[in-house]
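First the structure, in the form of C-alpha cells, and then the observations on it.
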Amino acid sequence: MDYRAYIAERLPIEGMTAAEIAESITVPPDTSLGDYALPCFKFAKLMRKPPARIAEELAAKYPADEVISGAFAVNGYLNFKVNAKGLAGETLARIAEEGARYGSSAFGAGKTVCIDYSSVNIAKPFHIGHLSTTVLGGALYRIFSFLGYRAVGINHLGDYGTQFGKLICAYKRWGNEADVQARGIHAINELYVRFNSEATEEMEAEAREYFRLIEQGDEEAVGLFARFKELTLEYVRKIYGRLHVTFDSYAGESFYIDKMGPVIDELKEKGLLVESRGAQVVDLEPYGMPPFIVLRSDGASLYGTRDLAAAFYRKQTYDFEKCLYVVAYQQNLHFKQLFKVLELMGKEWAKDMVHVAYGMVSLEDGAMSTRQGKVVWLEDVIDRCVEKALGVVTEKNPALENKEEVAEKVGVGAVVFGALYNNKIKDIVFSYEKALNFDGETSVYVQYTCARASSVLAKAEPGWENAAVLSPNAQESDLIKAIAEFPDTVKAAAEKYEPSLVARFCVDVAQKFNKFYFDCKILQAESEESRRFRLRLTGATLTVLTNALTLLGIGVPEKM
Ligand code: ARG
C-alpha cells in the first residue's frame, strides 16, 4: 500500500494537491515517534501560523482507522503511526501472491526507456573505469523493466576513429594471428600501446591511410578491423555474463556514419551551423558553452556528431520516453552541449535526454600489478575479489559445498555492490577487505542474511506460508515496515536513476532481519502460532532480499 497517498487523501490542506502532500511525507529516521511524518514548516507561510500549531490542528482533524492508527504533533511535524498488524497482513499477503514479482508494477507500461551504458571502446582495455557505467546501467535496465517499461539496453561501442588505422598499422608491423588467438584483447591492446609510444611520422601517415581504407571498405582493412571488434566483444561479453548484464543493441559509433548526413543538413537548414577556423560548429556561446563541433576542418565527423545522429536514430527507432546516458561526469559538458543542440533544433524531446553521471572508482590497493602499466583491468579486479571471497567463505564455513560457485556470487557481488552502494555521483575507493566484510554494509552481509533465512526455513515443517498474521512485536514490526518499503524504493530508484537506494534497502532489511533473528527465537518461539508467523516473516524477507539483489545483478547463494 502506498501509505503516503493514503494519508494525503485523508488530510486536506488548502492550496495543495493530494499528490503534493504525499510527496512531502517522509520516513523519520527514528520511527519510535512515528512511521511517517509530514514536516509542517513549509506551510507556515501559506497558513500564517507557526508550524507547531499547524501540526496540532491537523492532528486533531486526522481520522484514525485500521490502516493508520493515529496522528500526533511533535515539534512542528505531524507524525503518523501505521497499524502494525494491518501492515503485516497486507505486506505478507502481497509478497505471497507476487513472489519474485513483489516490488514490480505496470507503472511504465507502454513506455520505452533507452539506456546507453558500458559503451566500451574496441581494442582498448575494459578497465575499472567501466565498472560503474556497466553495473549502474545494468541495474537501471532491470529496475525499469521491473516497473513495466520496455528498456532498451544500448552498448554504444567506440568503434570508429583514426585509432583503428593505427591499430592495423601496428598489427601489420608487429602482430600476428597466433598471438591474437592466444592472448586476445590483451595482444591487441599491447599493439595499440606500442604504436602510441613508438610511432614515427611515417607510421602515422600509414595509419591515416589504413583508416581511409577502412572507410572505403577495403577488404583487408575492414577484415582486420572486424576481427579486432569481434575479439573485443567476445572478451567483454564474458565479463557481462559474470556481471549479469545484457544489451539489446551493440550499435556503436560506426553504425551512425551513414546516418549523420540528414542531421547535418537539418542543422544547415535551420541556420545553426557556422564556420569557425575551417570547422563547422554550432555556436553555444550564448549558453556559456564552447562551440559544439560537427565537422572538423578536414570534413571528418566527431564523437559528438555521431552522438547527435544516434539521438535521432533512437528517437525514430524506439520512440523513447526517456533516453539515458550512463556516462562518467567527465563528459558533463559533452552531454550539456548535445542536449542543447537538440533543443536549438527544435526537438521537444530534447528534454527527455538524461545524462546519468557518476563518480570515479579507484582501488585502495592501487599498487595492484596489472599487465598494462597503470590501467586496472576490470576482469582482474573481479578475479581477485572472487579469489579473496573464496578465502573468506572457506574460513567462515570450511564444510561448505560448491565453494567455487558461492565465491563467484560473493566476489562478483562485492564488486557490483561496491559500485552501487553510494550515491552514484560520489567518487569511490574500492577496498577488497571492506567489500568482503561479513559485518559491514556489504553484499556479503546481505547474502549471508539470505543464507541464514534459507537455513531457518530448511529446518521448518511445511505450511508456514499460510501462517495467521499476529500483532507484531517491535522487532517484527520494524522488519515488516522495512520490507513494505520495497515497491516505493524501486520506484524512487528509477525516478532518481539511483540504484543505491535499492542497495541501501538491502542492508536496512538485512539489519532488521538480524535484529529480529537474534532477539526473537524463530524456531523456538513461545507459541506454535508465533513460530509459524515468524517463519512466514522469514520467508517473506528472503523473497524481498532476493528480488532486491537480483535487481542489482547479485546472486543469492542458498548456503554460506
Ligand atoms: N565510449 C565512450 C567512452 O568510453 C562512452 C560512450 C558513451 N555513450 C555515448 N553515447 N556517448 O568514453
Side-chain angles (χ1 to χ4, degrees), residues 113-138 140-141 151-164 167 185 188-189 192-193 196 225 228-229 232-233 235-237 239-240 245 247-257 259-260 263 292-294 301-318 320 322-342 347 349-350 352-361 372 374-379 419 424 497:
V113 54
C114 289
I115 312 178
D116 176 325
Y117 64 106
S118 198
S119 299
V120 287
N121 300 319
I122 299 304
K124 293 247 192 84
F126 189 39
H127 58 78
I128 180 102
H130 297 111
L131 171 62
S132 295
T133 172
T134 306
V135 300
L136 268 171
L140 288 172
Y141 184 88
V152 182
I154 303 171
N155 200 324
H156 186 77
L157 300 175
D159 60 356
Y160 192 80
T162 46
Q163 69 267 30
F164 299 110
L167 192 58
I185 186 160
I188 305 174
N189 183 243
Y192 185 65
V193 170
N196 283 329
F225 175 61
F228 300 147
K229 185 160 165 176
T232 308
L233 289 183
Y235 174 80
V236 294
R237 279 196 168 111
I239 298 172
Y240 292 148
V245 161
F247 297 91
D248 301 292
S249 160
Y250 278 86
E253 292 185 45
S254 68
F255 180 75
Y256 298 102
I257 295 309
K259 298 174 183 61
M260 297 183 298
V263 184
F292 184 79
I293 307 175
V294 177
S301 66
L302 291 95
Y303 175 62
T305 325
R306 280 144 2 224
D307 252 337
L308 200 54
F312 277 84
Y313 178 83
R314 288 175 195 175
K315 185 64 194 172
Q316 272 159 22
T317 310
Y318 306 113
F320 55 72
K322 288 257 181 272
C323 180
L324 315 184
Y325 296 83
V326 187
V327 184
Y329 64 62
Q330 278 86 347
Q331 294 192 32
N332 275 353
L333 177 63
H334 168 72
F335 287 105
K336 261 177 82 178
Q337 289 179 303
L338 177 69
F339 301 164
K340 189 49 134 185
V341 171
L342 292 170
K347 304 298 162 193
W349 47 269
D352 305 325
M353 315 292 279
V354 185
H355 176 203
V356 179
Y358 59 83
M360 254 174 46
V361 182
Q372 287 302 323
K374 270 192 177 158
V375 178
V376 179
W377 292 70
L378 181 54
E379 186 182 32
K424 62 184 180 292
Y497 314 115

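Order of listing sets the numbers, starting from 1, for every ligand and every atom in it.
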Can you find an N or O of [X] that's nearer than 3.5 Å to an N or O of ligand 1?
X    : answer
S119 : yes
Y303 : yes
Y325 : no

Please tell me whether Y303 and H334 form a close aromatic pair, meaning their ring centres lie under 6.0 Å apart.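 When the ring centroids of Y303 and H334 are compared, they turn out to be within the sub-6.0 Å range.
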
Taking the six-membered ring for Trp and the single ring otherwise, decide whether the centroids of Y117 and F247 are under 6.0 Å apart.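 For Y117 and F247, the ring centres are under 6.0 Å apart.
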
Shortest reach to atom 7 (C) of ligand 1 by a heavy atom, considering only V326, V327, T133: V327

Below a 4.0 angstrom heavy-atom separation, can you tell me which part of F335, side chain or backbone, both or neither, approaches ligand 1? side chain

Quick one: does ligand 1 sit under 4.0 Å from the side chain of N121, the backbone, both or neither, non-hydrogen atoms only? side chain

Please report the C-alpha distance between E379 and Y235 in whole Å, then the side-chain angles of each, then the deciding distance to 0.1 Å, and finally whether the side-chain hydrogen bond (donor to acceptor under 3.5 Å, both in side chains) criterion is met. CA-CA 10 Å; E379 186 182 32; Y235 174 80; 2.9 Å; yes

Using the ring of each side chain (for Trp, its six-membered ring), is Y250 parallel, tilted or perpendicular to Y240, with breaks at 30° and 60°? tilted

How are the rings of Y325 and F339 set to each other: parallel, tilted or perpendicular (split at 30° and 60°)?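 Correct class here is tilted.
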
So does Y160 get a backbone contact from the side chain of S254, meaning a donor-acceptor N/O pair under 3.5 Å?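 Judged by distance alone, no pair lies under 3.5 Å.
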
In this structure, atom 12 (O) of ligand 1 is nearest to the protein heavy atom Q331 NE2, 3.0 Å

